[in-house]
Asker: 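My structure is below; once you've seen it, I'll send some questions.
Numbers for residues simply follow the sequence, beginning at 1. In what follows, every heavy atom counts, from backbone to side chain, and hydrogens, waters and symmetry copies are set aside.
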Amino acid sequence: MVPIIATYPKRKLETTIQVKAPAHKLYNAFAKQCIHHADYSPNLTKSAEICEGDWETNGSVMLWNYVIDGKTGTFKERTELDDEHMIVKPATPKGEGSLASVAIAYEKLREDVPAPDHYLEYMIELAKKISESLVKA
């Protein structure tokens, strides 16, 4: 079997959302507590497993099973952590909450493949659910 190699440039979808949780708590939930995402959002995240590395190490690869608009899907994610600046998905303090940058970098295998907007929607909803849970705790 010949490996599939993307020939199109890397692309990025991103947005910024306001959440109620402090930046450091949101960072910790994404950087160090990914295993608990299904607990924070059982209607969104059905399961997650490690493909490479572990739950807390930069460069680890995770496989996510999720539901958006009643449709199930999966995606793999390679984590990129910056503990010094508390960046996974960047979050900056704003008032009593944070501004969180939600971004997905991707490569298309073919030009006719649509952008993965549903993954971005999933990440936005996940960040909101995690924020709500952290504020209640």
Side-chain angles (χ1 to χ4, degrees):
M1 179 182 262
V2 176
I4 298 173
I5 300 173
T7 57
Y8 297 96
K10 289 185 179 181
R11 300 165 192 216
K12 191 174 190 179
L13 292 173
E14 62 185 318
T15 190
T16 301
I17 61 171
Q18 184 155 4
V19 293
K20 295 178 181 175
H24 70 281
K25 287 186 176 185
L26 192 61
Y27 171 80
N28 192 50
F30 275 97
K32 308 295 181 189
Q33 298 175 351
C34 289
I35 194 169
H36 299 295
H37 286 192
D39 298 333
Y40 291 128
S41 61
N43 293 335
L44 291 172
T45 307
K46 294 305 175 187
S47 66
E49 62 185 72
I50 292 294
C51 299
E52 295 175 28
D54 60 42
W55 292 107
E56 298 183 10
T57 303
N58 193 27
S60 294
V61 177
M62 300 167 201
L63 178 67
W64 297 93
N65 295 297
Y66 66 93
V67 176
I68 290 288
D69 295 330
K71 297 176 187 170
T72 60
T74 62
F75 71 90
K76 277 189 179 179
E77 170 191 42
R78 180 174 303 277
T79 59
E80 295 179 16
L81 307 174
D82 181 348
D83 287 335
E84 181 180 345
H85 298 102
M86 288 186 20
I87 298 171
V88 176
K89 319 283 189 266
T92 55
K94 175 158 174 122
E96 292 185 23
S98 308
L99 290 178
S101 174
V102 180
I104 295 177
Y106 65 97
E107 293 181 54
K108 289 186 174 189
L109 298 178
R110 297 185 325 268
E111 191 58 39
D112 63 327
V113 174
D117 296 325
H118 52 288
Y119 296 143
L120 186 64
E121 292 294 322
Y122 166 76
M123 294 304 294
I124 290 168
E125 290 304 312
L126 179 62
K128 289 177 180 179
K129 293 287 186 187
I130 289 173
S131 174
E132 290 170 13
S133 294
L134 293 173
V135 170
K136 290 178 186 175

Asker: Donor-acceptor pair, distance only, cut-off 3.5 Å: does the side chain of Lys10 make one with the backbone of Tyr106?
Answerer: no

Asker: So how far is it from Glu125 CD to Asp69 CG, rounded to the nearest 0.5 Å?
Answerer: 9.0 Å

Asker: Applying side chain to side chain donor-acceptor pair (under 3.5 Å), which residue pairs with at least one partner in residues 35-44 are found, sequence neighbours left out?
Answerer: Gln33-Tyr40, His36-Asp39, Ser41-Thr45

Asker: Between atom OG1 of Thr16 and atom CG of Leu99, what is the distance when rounded to the nearest 0.5 Å?
Answerer: 7.0 Å

Asker: Which atom pairs, one a donor and one an acceptor, fall under 3.5 Å between side chains of residues 60-68 and the rest of the protein, sequence neighbours left out?
Answerer:
from: Ser60; atom 1: OG; to: Asp54; atom 2: N; distance (Å): 3.0
from: Ser60; atom 1: OG; to: Asp54; atom 2: O; distance (Å): 2.8
from: Ser60; atom 1: OG; to: Thr57; atom 2: O; distance (Å): 2.8
from: Trp64; atom 1: NE1; to: Glu77; atom 2: OE1; distance (Å): 3.0
from: Asn65; atom 1: ND2; to: Ser47; atom 2: OG; distance (Å): 2.6

Asker: From Glu49 CD over to Lys76 NZ, what is the distance, rounded to the nearest 0.5 angstrom?
Answerer: 9.0 Å

Asker: Closest approach of Glu14 and Ser101, non-hydrogen atoms and distance?
Answerer: OE1-OG, 4.1 Å

Asker: Go through the structure and list residues passing side-chain contact (heavy atoms from CB on, under 4.5 Å) with Glu121, not counting sequence neighbours.
Answerer: none

Asker: Under the side-chain contact (heavy atoms from CB on, under 4.5 Å) test, which residues partner Asp117, sequence neighbours left out?
Answerer: Leu13, Ala115

Asker: Report yes if some heavy atom in the side chain of Ile17 is under 4.5 Å from a heavy atom in the side chain of Lys128; otherwise report no.
Answerer: yes

Asker: Determine, for Asp112 against Arg110, whether the closest basic-nitrogen to carboxylate-oxygen distance falls under 4.0 angstrom.
Answerer: yes

Asker: Say you draw a straight line from CD1 of Ile104 to CD1 of Ile124; how long is it, rounded to the nearest 0.5 Å?
Answerer: 8.0 Å

Asker: Identify the two heavy atoms, one from Val19 and one from Ala127, that lie closest to each other, and give their separation to 0.1 Å.
Answerer: CG1-O, 4.3 Å

Asker: If hydrophobic clusters are built from ILVMFWY residues whose side chains come within less than 4.5 Å, do Leu120 and Val113 share one?
Answerer: no

Asker: Taking only distance into account, with no hydrogens and no angle test, what donor-acceptor pairs under 3.5 Å do side-chain atoms of residues 129-137 form with protein atoms, sequence neighbours excluded?
Answerer:
from: Ser131; atom 1: OG; to: Lys20; atom 2: N; distance (Å): 3.0
from: Ser131; atom 1: OG; to: Ala21; atom 2: N; distance (Å): 2.9
from: Ser133; atom 1: OG; to: Lys129; atom 2: O; distance (Å): 3.2

